[in-house]
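We count ligands from 1, going down the list as the structure has it; atoms in each ligand are counted the same way. The structure presented is a predicted model; accordingly, all values stated were derived computationally and were not measured.
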Amino acid sequence: MVTLYTASAVISMRQHVWTMGGSPDRPRVINREDGQHMAKGKPVVVVTRRLPRDIETRMMELFEARLNASDAAMSAKQIVDACEGAQVLVPTVTDRLNAGLFDELPFSLKLIANFGVGVNHIDLEAAAARKIVVTNTPGVLTDDTADMAACLLLAAPRRLVEGERLIRSGNWNGWAPTFMIGHRISAKRLGIIGMGRIGQALARRVQGFGMTVHYHNRRRLHEDIERELEATYWDDLDQMLAHMDFISINCPHTKETHHLLNADRLALLKPHAFVVNTARGEIIDEAALAQMLAEGKIAGAGLDVYEREPAIEPALLELDNVVLAPHLGSATREGRIAMGEKVIVNIKSFVDDHRPPDRVYQI
Ligand code: DGY
């Protein structure tokens, strides 16, 4: 049995479940117009990872919050057990909510209020089939994630991390005209794959670096936005890849974007090209990328996300021309608090019988 923690005491799951009237077999419920049922009183909210302290405190005030004091990622069984009698689950990208898990989740569960914008770890079809509402946290992490993409866009070609490693090794012999030469980014072409909020925020940033912005997106942007961003649209991704100096991935991971940059597409890149990924690791074939970087067929990469996090393709760890960040895109104090606030608003709206603002799909 999973042990969870409330504000004051460690209590066991089963003791804590039925605090809202009713019994384990028959909870008291109210009917919602949309056919969903919420138990009366404070909703039971299961949170799978530690959240910023202010957010946890607020959640404990507003909800019957079941917090994960250990912060260890929970197995599918632990999540299912923890959700017994709960109305709301707050997962993160480290949880795998697949179809099998939805078969096991209790019928009391009505809302998945994801802490994060990406929802590729949630089987949305399975959630919709169970009529479970899913929300996420868009908007509030746009700037932080675009900043991280910009960091990697600078750090990789300017060999920042490689240089830092050299200094720490004690082997730096001082400045020399031919020492540690990198690549200029100004006046270079950046191809952004996925021109949503984060892609556009990155485009605004790199205008300041003097890069020219190109993009590929499912839908072409409105001409006013294209003009503002001075962005050139490429309908054909392969064509864009073949003409860019830098590529940044900013699209969501879906069935359609899984291994979008596979070995064949990576082979289209110029040998001096750099790839930056702050979206999801599964969008690139990581093994193919590592091989091409090792063979010098691509100049370098800046990665914040990985195919099998926290595992990393071992070949990548051997390479100096890759900057590796541990999924830090939204990791600012301000960003994480704003994400938590969005989660709370989504839960509160739902339990108060309003439409949560950040629903991922309509039921
Ligand atoms: C997001 O919000 O999707 C971040 O990658 C963390 O999950």
Side-chain angles (χ1 to χ4, degrees), residues 46-52 55-56 68 71-74 79 88-98 101 111-124 127 134-153 192-202 248-258 260-261 275-284 286 301-312 323-347 356-361:
V46 174
V47 184
T48 64
R49 301 297 300 265
R50 290 310 303 256
L51 300 183
I55 297 300
E56 288 188 344
N68 177 1
D71 200 27
M74 292 162 80
I79 292 174
V88 183
L89 172 64
V90 180
T92 71
V93 65
T94 58
D95 303 306
R96 291 273 157 265
L97 306 190
N98 53 29
L101 180 132
L111 172 68
I112 293 179
N114 187 54
F115 184 88
V117 70
V119 287
N120 56 304
H121 54 289
I122 304 172
D123 187 323
L124 295 178
V134 178
T135 60
N136 65 346
T137 61
V140 291
L141 43 75
T142 300
D143 285 332
D144 293 328
T145 309
D147 287 345
M148 180 54 65
C151 274
L152 295 170
L153 206 54
I192 299 178
I193 302 176
M195 203 54 145
R197 290 186 186 85
I198 297 171
Q200 292 180 36
L202 177 63
S248 174
I249 299 180
N250 297 102
C251 59
H253 174 229
T254 61
K255 278 188 203 126
E256 291 72 37
T257 64
H258 187 83
L260 186 68
L261 291 198
V275 176
V276 165
N277 189 6
T278 51
R280 283 294 182 263
E282 295 93 328
I283 299 168
I284 307 185
E286 206 167 276
L303 306 177
D304 187 42
V305 286
Y306 306 90
E307 240 189 294
R308 287 170 289 276
E309 292 181 16
I312 300 202
V323 176
L324 303 170
H327 201 148
L328 295 178
S330 63
T332 65
R333 186 182 145 68
E334 297 85 346
R336 291 286 158 85
I337 288 178
M339 287 162 73
E341 283 166 350
K342 262 198 170 279
V343 168
I344 290 173
V345 168
N346 281 315
I347 300 174
D358 304 308
R359 277 167 312 150
V360 171
Y361 52 75

Q. Within the side chain of D95, is there an N or O that forms a donor-acceptor pair under 3.5 Å with the backbone of L97?
A. no
Q. Which protein residues have a heavy atom under 4.0 Å from ligand 1?
A. V93, G116, V117, G118, L141, R280, H327
Q: Starting from the C-alpha separation in whole Å, work towards a yes-or-no answer on side-chain contact (heavy atoms from CB on, under 4.5 Å) for V343 and D358.
A: CA-CA 9 Å; V343 168; D358 304 308; over 6 Å; no
Q | Test side chain to side chain donor-acceptor pair (under 3.5 Å) applied to E341 - qualifying residues, sequence neighbours left out | A | none
Q) Would T142 and Q200 count as a side-chain contact (heavy atoms from CB on, under 4.5 Å) if you check the C-alpha gap in whole Å, the side-chain angles of each, and the deciding distance to 0.1 Å? A) CA-CA 9 Å; T142 300; Q200 292 180 36; over 6 Å; no
Q: Can you establish whether the number of heavy atoms outside R197 located under 6.0 Å from its atom CZ is more than 12?
A: no
Q.
I need the I283 CD1 to T257 OG1 distance, nearest 0.5 Å.
A. 4.5 Å
